[in-house]
*Asks:* 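Dropping a structure here in structure tokens format, bear with me for questions.
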Amino acid sequence: MRNLKSGKCFCYGDDVDTDVIIPARYLNTSDPEELKKHCMEDIDKNFASEVKENDFIVAKDNFGCGSSREHAPISIKANKVSAVIAKSFARIFYRNAINIGLVIVESETLPDETKTGDELEMDLENGIIKNLTTNKTYPCTVFPKEIQELIDAGGLVNYTKKKMGV
């Protein structure tokens, strides 16, 4: 299981689609280092320059809707975000995120009670997120052991290599 993570959050609303997570004009590369520079730029032009390792993205319903491009979760993971926390995720984004080892967590109430800049602390093993700014605690989804192992391995490809002894 992952250790306790803490960082500030960047908050967004409903229906954050893959076109604003990573704009189509940057899909000519799959290099994570290049993609991270443009992550969220059509919804938050300062995200890539301000995000720090272990920070969080917080959104409301249907995060990652739109096209099924894997570039979107790759650009977020390349920015070393601890997790994306949302009320709900588009199903294809959800699966793509797990497949590349990006932590995504559903929380029903945290997105409504959190503001950009709030400090969060996440304990995935116990399914708890604490907003250190407001001193409120929220439950979140906990992945089954097998899915958590896949995420911890860095995604499906690394997980499969590990299982095959490659």
Side-chain angles (χ1 to χ4, degrees), residues 1-22 32 35-66 71-155:
M1 286 290 169
R2 293 195 175 269
N3 297 328
L4 207 59
K5 299 281 185 176
S6 62
K8 76 174 186 174
C9 62
F10 292 81
C11 296
Y12 305 100
D14 293 324
D15 303 316
V16 174
D17 66 49
T18 55
D19 291 326
V20 297
I21 296 170
I22 188 67
L35 292 172
K36 82 178 190 179
K37 297 174 192 174
H38 306 288
C39 183
M40 307 299 279
E41 81 177 25
D42 280 0
I43 194 172
D44 181 352
K45 64 183 174 189
N46 297 319
F47 176 82
S49 63
E50 293 179 0
V51 68
K52 305 282 186 261
E53 185 172 352
N54 294 327
D55 283 348
F56 296 87
I57 291 176
V58 176
K60 296 194 178 179
D61 282 313
N62 204 26
F63 186 87
C65 59
H71 296 70
I74 289 170
S75 71
I76 294 170
K77 183 179 177 186
N79 276 290
K80 298 186 167 115
V81 168
S82 284
V84 178
I85 304 164
K87 287 183 169 188
S88 65
F89 292 90
R91 293 294 104 192
I92 294 173
F93 180 89
Y94 188 89
R95 192 63 223 177
N96 282 341
I98 290 171
N99 283 344
I100 63 128
L102 174 65
V103 176
I104 51 175
V105 178
E106 292 181 338
S107 176
E108 185 59 35
T109 54
L110 180 139
D112 290 327
E113 299 178 0
T114 303
K115 295 180 178 134
T116 293
D118 284 1
E119 290 285 328
L120 301 181
E121 181 178 75
M122 181 175 65
D123 177 355
L124 265 185
E125 187 172 350
N126 294 303
I128 297 169
I129 303 170
K130 184 172 185 177
N131 184 324
L132 300 173
T133 304
T134 64
N135 202 32
K136 288 189 175 183
T137 302
Y138 303 89
C140 67
T141 54
V142 177
F143 287 111
K145 180 181 174 236
E146 295 79 14
I147 299 297
Q148 188 60 50
E149 288 174 0
L150 190 150
I151 292 169
D152 289 344

*Asks:* Just verifying a value: how many Å separate Leu120 CG and Ser107 OG, rounded to the nearest 0.5 Å?
*Replies:* 10.0 Å

*Asks:* Are Phe89 and Val84 close enough that some pair of their side-chain heavy atoms sits under 4.5 Å apart?
*Replies:* yes

*Asks:* Can you tell me if Asp55 uses its side chain to pair, donor with acceptor, with the backbone of Lys8 under 3.5 Å?
*Replies:* yes

*Asks:* For Ile92, is the CD1 atom crowded, meaning more than 12 foreign heavy atoms sit under 6.0 Å from it?
*Replies:* no

*Asks:* From the options Thr18, Ile104, Asp15, Ile21, select the one residue that forms a side chain to side chain contact (heavy atoms under 4.5 Å, CB included) with Phe63.
*Replies:* Ile21

*Asks:* Report yes if some heavy atom in the side chain of Val58 is under 4.5 Å from a heavy atom in the side chain of Leu110; otherwise report no.
*Replies:* yes

*Asks:* So, for Val142 and Glu125, which heavy atoms are closest and what is the spacing to 0.1 Å?
*Replies:* CG1-O, 4.3 Å

*Asks:* Return the CG to CD1 distance between Asp152 and Ile147, rounded to the nearest 0.5 Å.
*Replies:* 11.5 Å

*Asks:* Got a second to check how far Thr137's OG1 is from Asn135's CG, nearest 0.5 Å?
*Replies:* 6.5 Å

*Asks:* Would you indicate whether the side-chain heavy atoms of Asn131 and Glu113 approach each other to under 4.5 Å?
*Replies:* no

*Asks:* Could you tell me the separation between the NZ atom of Lys60 and the OG atom of Ser88, rounded to the nearest 0.5 Å?
*Replies:* 12.0 Å

*Asks:* Hey, are the side chains of Val16 and Met40 touching, using non-hydrogen atoms and a 4.5 Å cut-off?
*Replies:* yes

*Asks:* Which atoms form the tightest heavy-atom contact between Ala59 and Gly13, and what is the distance?
*Replies:* CB-O, 3.8 Å

*Asks:* Is it true that a side-chain atom of Asn96 and a backbone atom of Asn99 form a donor plus acceptor pair closer than 3.5 Å?
*Replies:* no

*Asks:* Please find the pair of heavy atoms, one from Val105 and one from Cys140, that lie closest to each other, and give the distance.
*Replies:* CG1-CB, 3.1 Å

*Asks:* Just by distance, do the side chain of Thr133 and the backbone of Glu119 share a donor-acceptor pair under 3.5 Å?
*Replies:* yes

*Asks:* Measure across Ala78 and Pro32 and return the closest heavy-atom pair with its distance rounded to 0.1 Å.
*Replies:* CB-O, 3.3 Å

*Asks:* Kindly indicate, with the supporting measurements, whether the criterion side chain to side chain contact (heavy atoms under 4.5 Å, CB included) is fulfilled by Lys115 and Thr134.
*Replies:* CA-CA 10 Å; Lys115 295 180 178 134; Thr134 64; over 6 Å; no

*Asks:* Angle class for the Phe47/Phe10 ring planes (parallel below 30°, perpendicular above 60°, tilted otherwise)?
*Replies:* perpendicular

*Asks:* Ignoring hydrogens and geometry, is there a side-chain-to-backbone donor-acceptor pair from Lys77 to Gly154 under 3.5 Å?
*Replies:* yes

*Asks:* Working to the nearest 0.5 Å, report the span between CZ of Phe56 and OG of Ser6.
*Replies:* 7.0 Å

*Asks:* Are the side chain of Thr114 and the backbone N or O of Pro111 linked by a donor-acceptor pair below 3.5 Å?
*Replies:* no

*Asks:* Going by distance alone, is a donor N or O of one side chain under 3.5 Å from an acceptor N or O of the other, for Asn79 and Lys52?
*Replies:* no

*Asks:* After noting the C-alpha distance and the side-chain angles of Asp19 and Asp42, does the key distance pass the side chain to side chain contact (heavy atoms under 4.5 Å, CB included) rule?
*Replies:* CA-CA 8 Å; Asp19 291 326; Asp42 280 0; over 6 Å; no

*Asks:* What closest approach, in Å, do Ile22 and Leu35 show between heavy atoms, and which atom pair accounts for it?
*Replies:* CD1-O, 3.6 Å

*Asks:* Could you check whether any side-chain heavy atom of Asp14 comes within less than 4.5 Å of a side-chain heavy atom of Asn62, counting everything from C-beta outward?
*Replies:* no

*Asks:* Looking only at heavy atoms, which two atoms of Glu106 and Tyr94 are closest? And how far apart?
*Replies:* OE2-CE1, 4.4 Å

*Asks:* How long is the span from the NZ atom in Lys36 to the CD1 atom in Ile74, to the nearest 0.5 Å?
*Replies:* 14.0 Å

*Asks:* For Phe93 and Ile76, run side chain to side chain contact (heavy atoms under 4.5 Å, CB included): C-alpha distance rounded to whole Å, both residues' side-chain angles, the deciding distance at 0.1 Å, then the answer.
*Replies:* CA-CA 12 Å; Phe93 180 89; Ile76 294 170; 4.1 Å; yes

